[in-house]
Amino acid sequence: MWLRAVLLPILRVYYTGLTVILQQVCGRRAFSLPVIPSQNGKVAIVTGGAKGIGYSTAKHLSSLGMHVIIAGNNEAEGSEAVTRIQQDTHNEKVEFLYCDLASMKSIRQFVQIFKAKNLCLHVLVNNAGVMLVPERKTADGFEEHFGLNYLGHFLLTNLLLKTTKESGTENLNARIITVSSATHYVGELNFDDLNSSCCYSPHGAYAQSKLALVMFTYYLQRQLSEDGCYVTANVVDPGVVNTDLYRNVCWPGRLVKWMAARLFFKTAEEGAATSIYASVAPELEGIGGCYLYNGQKTKSADISYNEDLQRKLWNESCKMVGIPGSA
């Protein structure tokens with residue numbers, strides 16, 4: 001039991017990570033953003049936009065003229081990020097709103113405050129996340145990877161869906177971008193224990209949360225298409241990026257990162273490129289349901305295309321966060 005639940009997920013995740021790193025060696029800088037037209041008048045929300053990939057995403061969207069709202073759980077970091085972005089992009093329409101994705105109450109409060117601004121929402125970037133944290137629960141009792149990485153964004157997206165639908169038009173669709181990871185390829189959905197309470201593995205829990213994000217995006221896009229909405233949903237893989245998400249890896253992993261990061265890992269700016277591309281590139285206008293890596297459509301894990309499992313995950317998630325499910 002311990003071998004299957006703990007050791008195997010660790011070995012599989014590290015094997016996948018090594019494979020991705022080797023791919024990065026061959027094509028680390030293969031993707032660079034094309035020239036993107038001005039986005040003046042558009043509004044974007046970026047979760048986790050105060051640092052790392054999220055900060056680089058928020059900064060670039062601001063440089064294109066967008067009104068950017070950074071959603072995060074650290075007021076000091078958020079305020080500092082806003083000031084730096086405003087100074088660097090000469091765009092004053094950057095602000096921070098508190099949102100703790102590990103708390104359903106906080107997410108609902110964030111949405112209420114955002115809606116009171118009477119703004120449109122053209123781009124939602126579900127970027128925030130934790131990785132390989134020790135076993136602990138969110139404010140609502142969910143395992144933290146599943147609760148913050150997945151359920152937090154699931155609820156946030158659904159609560160903002162009406163606004164995004166009203167903001168999209170036939171010629172200019174609103175866009176929902178969700179950041180996953182190559183570790184989703186080794187993820188498994190355990191519907192009998194989505195909170196990983198029986199035998200916790202941070203590696204397995206992280207991979208499961210990233211797989212859930214991919215499946216959520218595909219199901220969401222199907223719903224949007226069936227409803228005839230002018231909103232698209234895509235999921236992105238930033239690659240192996242040199243950010244502080246690795247602070248919880250074991251010491252051999254930290255040693256490898258320290259030795260390899262500068263040569264082989266992407267910078268935060270490079271890691272954000274696909275999120276930015278998915279958010280504003282004219283080439284993706286009206287296109288949804290894609291898994292994007294280095295700006296290219298890529299095949300995700302086979303299980304992620306299982307529509308029955310997508311529906312099951314969606315309805316179970318609705319129960320967990322307390323919103324109506326789908327038929």
Side-chain angles (χ1 to χ4, degrees), residues 39-51 54-55 57-86 89-129 138-140 147-169 172-179 216 220 223-224 227 229-233 275 279-280 317-318 320-324:
Q39 303 293 309
N40 284 330
K42 288 188 178 181
V43 180
I45 292 175
V46 181
T47 68
K51 56 186 178 180
Y55 174 81
T57 301
K59 180 179 176 180
H60 199 103
L61 295 180
S62 175
S63 73
L64 295 171
M66 297 187 77
H67 180 166
V68 178
I69 295 171
I70 294 173
N73 62 357
N74 187 309
E75 295 272 3
E77 285 183 353
S79 297
E80 182 183 345
V82 167
T83 300
R84 294 205 321 267
I85 291 174
Q86 288 175 334
T89 66
H90 306 290
N91 180 355
E92 292 300 314
K93 290 186 177 181
V94 185
E95 57 183 305
F96 173 83
L97 288 180
Y98 184 85
C99 181
D100 182 0
L101 287 164
S103 165
M104 302 293 119
K105 179 180 178 181
S106 178
I107 294 168
R108 292 179 183 277
Q109 289 174 339
F110 168 85
V111 172
Q112 186 176 22
I113 293 170
F114 172 76
K115 288 186 174 182
K117 293 177 176 289
N118 293 315
L119 294 170
C120 293
L121 180 57
H122 303 95
V123 175
L124 170 62
V125 184
N126 292 320
N127 165 84
T138 67
D140 304 282
L148 191 158
N149 294 357
Y150 170 63
L151 285 178
H153 284 120
F154 177 85
L155 178 61
L156 179 67
T157 301
N158 275 280
L159 294 180
L160 290 171
L161 207 50
K162 183 175 183 291
T163 306
T164 56
K165 288 178 179 179
E166 292 171 348
S167 304
T169 65
L172 198 62
N173 286 194
R175 305 187 188 193
I176 298 169
I177 313 303
T178 297
V179 180
F216 148 69
L220 173 60
Q223 285 191 317
L224 293 169
D227 292 343
C229 299
Y230 297 125
V231 183
T232 59
S275 294
S279 298
V280 293
S317 302
C318 288
M320 296 174 86
V321 303
I323 61 174

So CZ of F114 and CD1 of I45: to nearest 0.5 Å the spacing works out to 4.0 Å
Polar side-chain atom of N173 near backbone of T232 as donor-acceptor pair, under 3.5 Å: no
Between atom CG of L159 and atom CD1 of I107, what is the distance when rounded to the nearest 0.5 Å? 8.0 Å
Side-chain (Q39) to main-chain (G65) donor-acceptor, under 3.5 angstrom: no
S103 side chain vs A139 backbone, donor-acceptor pair below 3.5 Å: no
What is the distance from atom CD1 of I70 to atom CD of E77, rounded to the nearest 0.5 Å? 10.5 Å
Side chain to side chain contact (heavy atoms under 4.5 Å, CB included) between L124 and L156, intermediate numbers included: CA-CA 10 Å; L124 170 62; L156 179 67; 4.3 Å; yes
Rounding to 0.5 Å, atoms CD1 (I69) and OG1 (T47) come to a distance of 12.5 Å
K117 meets the salt bridge (charged side-chain N to carboxylate O under 4.0 Å, His left out) criterion, sequence neighbours left out, with E95
Check the surroundings of atom NZ in K162: do more than 12 heavy atoms from other residues, nucleotides or ligands lie under 6.0 Å from it? no
Within the 4.5 Å heavy-atom criterion, are T57 and V179 side-chain neighbours or not? no
Is any side-chain heavy atom of L161 less than 4.5 Å from a side-chain heavy atom of I176? yes
Short question: side chain of S167, backbone of L121 - any donor-acceptor pair under 3.5 Å? yes
First locate atom CG of N158, then atom CG of L220, and finally report the distance between them rounded to the nearest 0.5 Å. 7.5 Å
Side chains of I113 and Y98: closer than 4.5 Å at any heavy-atom pair? no
Nearest heavy-atom neighbours spanning V82 and F96: CG2-N, 3.7 Å
Where does the angle between the aromatic ring planes of F154 and Y150 fall among parallel (under 30°), tilted (30 to 60°) and perpendicular (over 60°)? tilted
L61 CG to K42 NZ distance, which is reported to the nearest 0.5 Å: 9.5 Å
Residues S279 and I177: closest non-hydrogen pair is OG-CG1, 3.6 Å
Answer yes if the side chains of T157 and N126 hold a donor-acceptor pair under 3.5 Å, and no otherwise. yes
By side-chain hydrogen bond (donor to acceptor under 3.5 Å, both in side chains), which residues pair with E80, not counting sequence neighbours? R84
Flag side-chain contact, heavy atom, 4.5 Å: L155 against R108: yes
For E75, salt bridge (charged side-chain N to carboxylate O under 4.0 Å, His left out) partners two or more places apart: none
Within-4.5 Å side-chain heavy-atom neighbours: K165 and L224: yes
Over all heavy atoms of both residues, which pair between G129 and L148 is shortest? Give the atoms and the distance, please. CA-CD2, 3.9 Å
Is there side-chain contact between L101 and N73, with at least one heavy-atom pair below 4.5 Å? no
Contact summary for M66 and N91, nearest pair of heavy atoms: O-ND2, 2.9 Å
Is there a side-chain contact between I85 and Y55 (heavy atoms, below 4.5 Å)? yes
Which atom of H153 lies closest to which atom of N127, heavy atoms considered: NE2-N, 3.8 Å
Shortest non-hydrogen contact between V46 and G54, atoms and distance: CG1-O, 3.7 Å
